[in-house]
Amino acid sequence: MIIIGEKINGAIPSAAAAIESRDEAFIRKLARMQTEAGAQYLDVCAGTAQEKELDTLKWLLEVVQDESELPICIDSPNANILKEVFPLVKKPGIINSVSGEGDKCDVIYPLIQGTDWKVIALTCDDNGIPYTAEKKAAIAFSLIERAAGFGITPERILIDPLVMAVSAVHDSMIVFMDAIRLIKEKYPTVLTTSGLSNISFGMPFRKAINLNFLALAMSAGMDSAIIDPSNRDVSATALAVDVLMDRDRCCRKYNKAYRQGKIGPLQKNQ
Ligand code: THG
């Protein structure tokens, strides 16, 4: 599993307060904590009003890159903002995101052409988010084919099939898994990803839905997730599924995480 740490996001109230007061120590702590917890990328999202987004992202990128060596997943709904901050990122990471909306691909694909950057591609377009697996896959194919025009290969693309809240769309998980299978059937080397909390919106005891979403999605072929890597239940689920799906040779990663106290019962000093 490719783990993208979600915690540096202005949509989270505590992070929003830290951003507002330019509390560098708080952001550094989030970066360090997620790095130590085993994230492979750090998602950085300003989550502020549009007129403040550029300044906020610039500040966040400076602080986060000073604290952690991990590559960044730059997260903005605005392709032009992504383009403006792109030169400030010191090593190849992930652009989050492109989609079939407007001219997003034409702004982002040329930017990462000839680099080692990856890109998250959302399966939506100017008509919104489709409900069926076939339509989600069709948008994914179009985004992958347009990327090929810029020499961007499927291995550099993470498709996010945009799972809907299961409280609103009863077959959301089935559609999500079917979409992953259809996409991987045609492009076996393309990667897939998702946030973890959309599925459980509007449900009580969201944890039960989120953890089982993670397990089912991983079994359907989800390669990556945008999660809180310090959440012990999420880590234990991801590591356990990797063991069960024969993706953890001799259970090494699982056992190591247990020995290091990253999963399992909390010790008194934790
Ligand atoms: N797809 C893509 N990008 C995304 C999302 C997606 N970026 C934003 C979002 N969704 C993923 N990021 C978050 C960040 C924080 C939370 C949820 C999604 C969140 N965090 C709680 C907190 O920090 O308090 C609890 C976290 C926990 O302990 O598990 O709610 O879908 N491409």
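In what follows, residues are counted from 1 in the order of the sequence shown. Whatever order the structure lists ligands and atoms in, that order sets their numbers, starting from 1.
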List, ordered by chain and residue number, the protein residues whose closest non-hydrogen atom lies under 4.0 Å from any atom of ligand 1.
-> E6, K7, N9, I12, D75, N96, I120, L122, D160, G195, S197, N198, I226, D228, N231
Output a table of donor-acceptor pairs, distance under 3.5 Å, between side-chain atoms of residues 71-81 and any protein atom two or more places apart or on a different chain; print 'none' if there are none.
| unit_1 | atom_1 | unit_2 | atom_2 | d |
| --- | --- | --- | --- | --- |
| D75 | OD2 | N96 | ND2 | 3.3 |
| S76 | OG | E53 | OE2 | 2.7 |
| S76 | OG | N78 | N | 3.0 |
| S76 | OG | N78 | O | 3.4 |
| N78 | OD1 | N80 | N | 2.9 |
| N78 | OD1 | I81 | N | 3.3 |

Can you list every side-chain hydrogen bond (donor to acceptor under 3.5 Å, both in side chains) pair that touches residues 121-132, not counting sequence neighbours?
-> none
Evaluate side-chain hydrogen bond (donor to acceptor under 3.5 Å, both in side chains) for S194 paired with D160, printing each intermediate quantity in order.
-> CA-CA 5 Å; S194 171; D160 181 342; 4.6 Å; no
With sequence neighbours left out, which residue pairs that include part of residues 225-252 fulfil the ring-ring contact (aromatic ring centres under 6.0 Å, His included) condition?
-> none
Could you tell me whether D55 and K52 have a side-chain N and a carboxylate O separated by less than 4.0 Å?
-> no
Using a strict 4.0 Å threshold on nitrogen-to-oxygen distance, state whether D116 and R156 make a salt bridge.
-> no
